[in-house]
K.L.:
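First the structure, which I've put down as C-alpha cells, then a few questions once you've had a look.
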Amino acid sequence: MVLKVFFPSCCSSADSGILIGRWISEQSSAVILAVVHFPFIPVQVKQYLGEVQRVTQVSVSVLGSWSNSKQEKEESLSEFLEDLGTIFCHEPWIQISKEGDSKFWSCSTLQKHSKNPQEEEIILVYYDQRKVMLSHLHPPLDTAGRRAEDASKLSAIFDTVARSQVLFMTDRYDEGPIKLTHWQSDGVEASIIVELMKQASVPACMLLTLLLSLLSGVCRSRVLKFWPLSFLWSKLSTCEQLGHRLQHLQVISSNKKAQNQNQLMRKANIFVSLLIDVALGILLMSWLYRKNRIGHLADTLIPVADHVAEELQDLLQWLMGAPAGLKMNRALDQVLGRFFLYHIHLWISYIHLLSPFIEMILWYVGLSACLGLTVALCILSDIIALLTFHIYCFYVYGARLYCLKIYGLSSLWRLFRGKKWNVLRQRVDSCSYDLDQLFIGTLLFTILLFLLPTTALYYLVFTLLRLLVVIVQGLIHLLVDLIDSLPLYSLILRLCRSYRLAAGVKFRVLEQQDGKPLRLLMQINPLSYGGVVQTYRLPTYNCYPRDSWASLCKKLFLGELIYPWKHKGEKQN
Amino acid sequence: MAEERRFRSASGAPIALRRRQHSASCRELAVRGPRLQLRSLSAATSAVWLAAYGLFALSENSMVLSAAIFITLIGLIIYLHFVKIDQESLLVIGSLGIQVTSSYASGKESTTFIEMGQVKDVVINEAIHMQKVIYYLCILLQDPEDPQGVSEVVPLFQSSKPRLDCLIEVYKSCQEILEQRKTAPQSS
C-alpha cells in the first residue's frame with residue numbers, strides 16, 4: 001500500500017532530528033507531530049513519549065529521521081540516522097532529507113521485517129498544524145441522516161493533532177532535556193483579554209445564577225398560579241418569550257464546563273444572540289423615546305382604533321343591505337347586524353374609557369423593550385391581539401352559529417334520507433322515523449337551508465378578517481423565531497475563522513519532480529453557510545403550522561374554530 | 001505531463017479536456033467549458049438598458065435608469081459568482097480519494113473530497129434529459145452496512161456535460177488508478 005506521510009508545514013525549516021508522531025497502520029499513514037533535535041538521550045525521549053501517551057491517549061512514537069543539511073549531503077550523518085532506526089525500532093522507519101533550499105525532498109523507508117521488499121510509493125502531504133488542531137470536522141450526513149463518524153479516515157488525523165495539545169505546550173525557551181519544533185515552538189501565545197475574561201466569568205456566572213434562581217422562585221410562587229392569571233400568562237406571547245430567554249440565561253450561567261464542541265457552540269450562540277437582541281432592543285428604545293415618539297404613538301392609537309371600529313360599522317351596514325347584490329333574509333340579517341353593531345359600540349366605549357391611561361401604560365410598557373428586540377416584537381403582537389379582540393369575538397360568534405347550522409343541516413339531511421347517526425357505533429345506520437318526526441324534520445331542514453346564505457356570508461367576512469390578523473401576528477412571530485434561532489456566533493466564526501468549522505479537506509498538487517515523492521498540500525474545506533445554520537440552529541418553542549392545508553380548509557368549511565399556530569408543550573386535541 | 005484535447009458538449013459547445021499525470025497513482029482531469037462571450041454580455045446589457053430607456057420615456061422617472069444599472073451590475077455579479085462554471089476538474093489520488101472541483105468565472109472554487117474507502121466505483125450512466133438521452137460520469141459511494149449496495153450516486157461534470165467520447169477517456173484514466181487499489185495488498 002502507498003505510504004502517506006502527513007508533515008506539518010511549520011517544520012519545513014527545522015534543524016535535523018528525529019520525527020515523532022502517530023503511525024496509523026490500517027491506513028498506512030504517518031502523522032508527524034514534531035521534530036526532536038540533537039543532542040538527546042534516547043532513554044529520556046522514550047520516557048517523555050510515554051508521559052505524553054499517558055496524558056493524551058494518543059500512541060505517539062518515534063517514526064523516523066529528518067535531516068536538513070544546508071550544504072552537501074553528509075555521509076556520516078546519514079549513517080548515524082540509519083543507526084538511530086535500530087535504537088527506536090519502528091516499522092517502517094521513515095527517512096526524510098532536505099538539501100539546501102530545495103523544495104523537493106527525498107523520502108525513503110527502511111523495512112527490516114517485511115516479507116516483500118518492493119519499493120512502495122510515498123506521498124508527502126503538508127498540513128497546517130495550528131489550523132488542523134483548532135478545526136472541528138463535520139462529517140456529511142448520509143441518506144439516513146446519520147453522521148458517518150467511523151467511516152472517515154481523515155477524522156483520525158484531525159483527532160490525533162487535536163488531542164496532542166500538551167505536546168505543543170513546550171517551546172524552545174524551556175530548559176528541559178528535549179528540544180522540539182512544532183507550530184508553537186517559537187513561544188506559546190496567549191491573549192490578556194481572553195485570560196481576564198476567563199477570570200471574570202466565574203464570579204459573573206455565580207451572580208447570574210443567584211439572580212436567576214431568585215427570579216424563577218418568584219415566577220413559580222403560588223400567587224401567580226391562580227386560574228385567571230395562569231390563563232393570561234399562557235395566552236400572552238410575551239411571557240413565553242421571556243420564559244424562553246430565562247431558560248437561555250440559565251444555560252449560559254451554569255457552572256459546568258461544556259463537554260464537547262456542540263455544547264460550547266450552543267452556549268456561545270445563545271450568548272451572542274442575547275447580546276445582539278438586547279443591543280437592538282436598547283437601540284429601538286432610544287429611538288422611541290427620543291423626540292417623544294412614544295407619546296405620538298399613544299396619541300394616534302385611539303384614533304386608529306376608532307377608525308377600525310368605524311370601518312367595521314360600515315361593513316356591517318353593507319352586510320345588512322344587499323351585499324354584492326345578494327339577497328339576504330331580512331329578519332335574520334337585521335338581528336345579526338344589530339347584535340354586532342351593539343358589540344362594536346360597547347368596544348368603542350371601553351376604548352374611550354381607557355384613553356387617558358393609554359399614554360402612561362404605553363410609556364412603561366415601552367421601557368421593557370430594553371430586554372430585547374424579540375420581547376418588543378412580542379409586545380407588539382400582543383397589543384395587536386388585544387386591539388383586535390372584537391374581531392376575534394365576532395369570528396367566534398359567526399363560526400359557532402355557522403357550525404351549529406351545518407351540523408343541524410347534515411343531521412336533518414340524514415333524516416330526509418331515512419338514516420341516523422349511531423353514536424355508539426360511530427357510523428350511519430338506517431332508521432324508521434314516525435310521520436310527525438319526518439314532518440318537523442323536513443320543516444326545520446328547509447328553514448335552516450334557506451337561512452344558510454346569510455349566516456355563511458357573515459361567517460365568511462369575519463373569518464377573512466380574523467385570518468388577516470392571524471397572518472400579521474404570524475409574520476411577527478416568524479421574525480421573533482428567526483432572531484431566536486439564528487446561530488450568530490457560528491456564522492461570524494465561519495466568516496472570520498473559517499478553518500474552525502470544517503466540512504472536509506481539499507488537496508492541492510504542488511510542483512513535482514521525477515523520482516521524488518508526490519507532494520500535496522492539505523487545506524481545510526470550510527462548511528457552507530447553509531450547513532452552519534442547519535447544524536447549529538438553536539431550538540425554538542414554536543412549530544409551524546399545526547394543520548396541513550387540506551385539514552385547514554376542511555375545518556374552515558365545517559365552521560370549526562382554527563388555531564393555526566401550535567406551541568410546543570401544548571396538548572394535542 | 002499534460003495533454004489537451006478538444007471535444008464537444010452534449011449541447012454542441014466546444015469544450016477542452018486536459019489530462020495531467022502527477023505521479024503513478026495521481027491524475028488530474030479538467031474539463032474547461034466555453035468562456036463568457038463579450039457578444040452575449042453586450043447584448044444582454046443593451047437589451048436591459050433599452051427597456052429601461054423605454055420605461056423612462058413613458059414614466060419620466062429617473063429612478064428607472066438607476067434601478068436598471070443597479071440590476072445589471074448585481075445580476076452580472078451573481079451570474080459570475082454563482083452560475084457560470086468555467087472549469088470542472090477531477091483529481092484522483094490512489095489510496096487517498098477523489099476530489100471534485102468546480103471553478104466559477106469569478107474565481108470561486110467549490111471542492112468536494114471523497115475518501116477512497118467510500119468510493120465503490122466510477123461508471124458511465126445514461127439519463128433521459130428533456131428529449132435527449134445523455135451520458136454522464138458518476139461516482140458510486142459505498143453503503144457502510146451493505147457491501148454490495150450503493151448509498152449515493154455523485155454525478156460529475158454536470159455543467160459542461162461532455163459527450164461519450166470525452167467521458168470514455170476520463171473513465172479509462174480513472175479506472176487505471178482504481179484498479180491499483182484492488183491489486184495492492186490489502187491490510188485489514
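Every chain is numbered from 1, with letters handed out A, B, ... down the list of sequences.
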K.L.:
Do you know which of A:Lys516, A:Gln512, A:Glu121 makes side chain to side chain donor-acceptor pair (under 3.5 Å) with B:Ser23?
P.N.:
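Looking at A:Lys516, A:Gln512, A:Glu121, the match for B:Ser23 under the side chain to side chain donor-acceptor pair (under 3.5 Å) is A:Glu121.
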K.L.:
Cut-off 3.5 Å, no hydrogens considered: what does the side-chain donor-acceptor table look like for residues 525-533 of chain A, sequence neighbours left out?
P.N.:
unit_1, atom_1, unit_2, atom_2, d
A:Asn525, ND2, B:Thr111, O, 2.7
A:Ser528, OG, A:Gly531, N, 3.3

K.L.:
Under 4.5 Å from any heavy atom of chain B, what part of A:Lys4 do you find: side chain, backbone, both or neither?
P.N.:
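Contact with chain B: side chain only.
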K.L.:
Should we count NZ of A:Lys103 as having more than 12 external heavy atoms under 6.0 Å?
P.N.:
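Counting neighbours around NZ of A:Lys103, 12 or fewer heavy atoms of other residues, nucleotides or ligands fall under 6.0 Å, so no.
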K.L.:
Considering only distance and modelled atom types, tabulate donor-acceptor pairs under 3.5 Å from the side chains of residues 83-100 of chain B, sequence neighbours left out.
P.N.:
unit_1, atom_1, unit_2, atom_2, d
B:Lys84, NZ, B:Pro34, O, 2.9
B:Glu88, OE1, B:Ser160, N, 3.2
B:Glu88, OE1, B:Ser160, OG, 2.4
B:Glu88, OE2, B:Gln158, N, 3.3
B:Glu88, OE2, B:Ser159, N, 3.3
B:Gln99, OE1, A:Phe507, N, 2.6
B:Gln99, NE2, A:Phe507, O, 2.9

K.L.:
Once you round to the nearest 0.5 Å, how far does SG of B:Cys26 lie from CG of A:Leu520?
P.N.:
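So the SG of B:Cys26 and the CG of A:Leu520 are separated by 6.0 Å.
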K.L.:
With sequence neighbours left out, write down each residue that passes side chain to side chain contact (heavy atoms under 4.5 Å, CB included) with B:Gln148, or none if nothing qualifies.
P.N.:
B:Asp146
K.L.:
So, for B:His22 and A:Leu518, which heavy atoms are closest and what is the spacing to 0.1 Å?
P.N.:
CB-CD1, 3.9 Å
K.L.:
In terms of heavy-atom proximity below 4.5 Å to chain A, should B:Ser110 be classed as side chain, backbone, both, or neither?
P.N.:
neither
K.L.:
Contact part of A:Val509 toward chain B, heavy-atom cut-off under 4.5 Å: side chain, backbone, both or neither?
P.N.:
side chain
K.L.:
When only heavy atoms count and the cut-off is under 4.5 Å, which of residues 490-499 of chain A reach chain B?
P.N.:
none
K.L.:
Distance check, rounded to the nearest 0.5 Å: B:Phe113 atom CZ versus A:Met522 atom CE?
P.N.:
9.5 Å
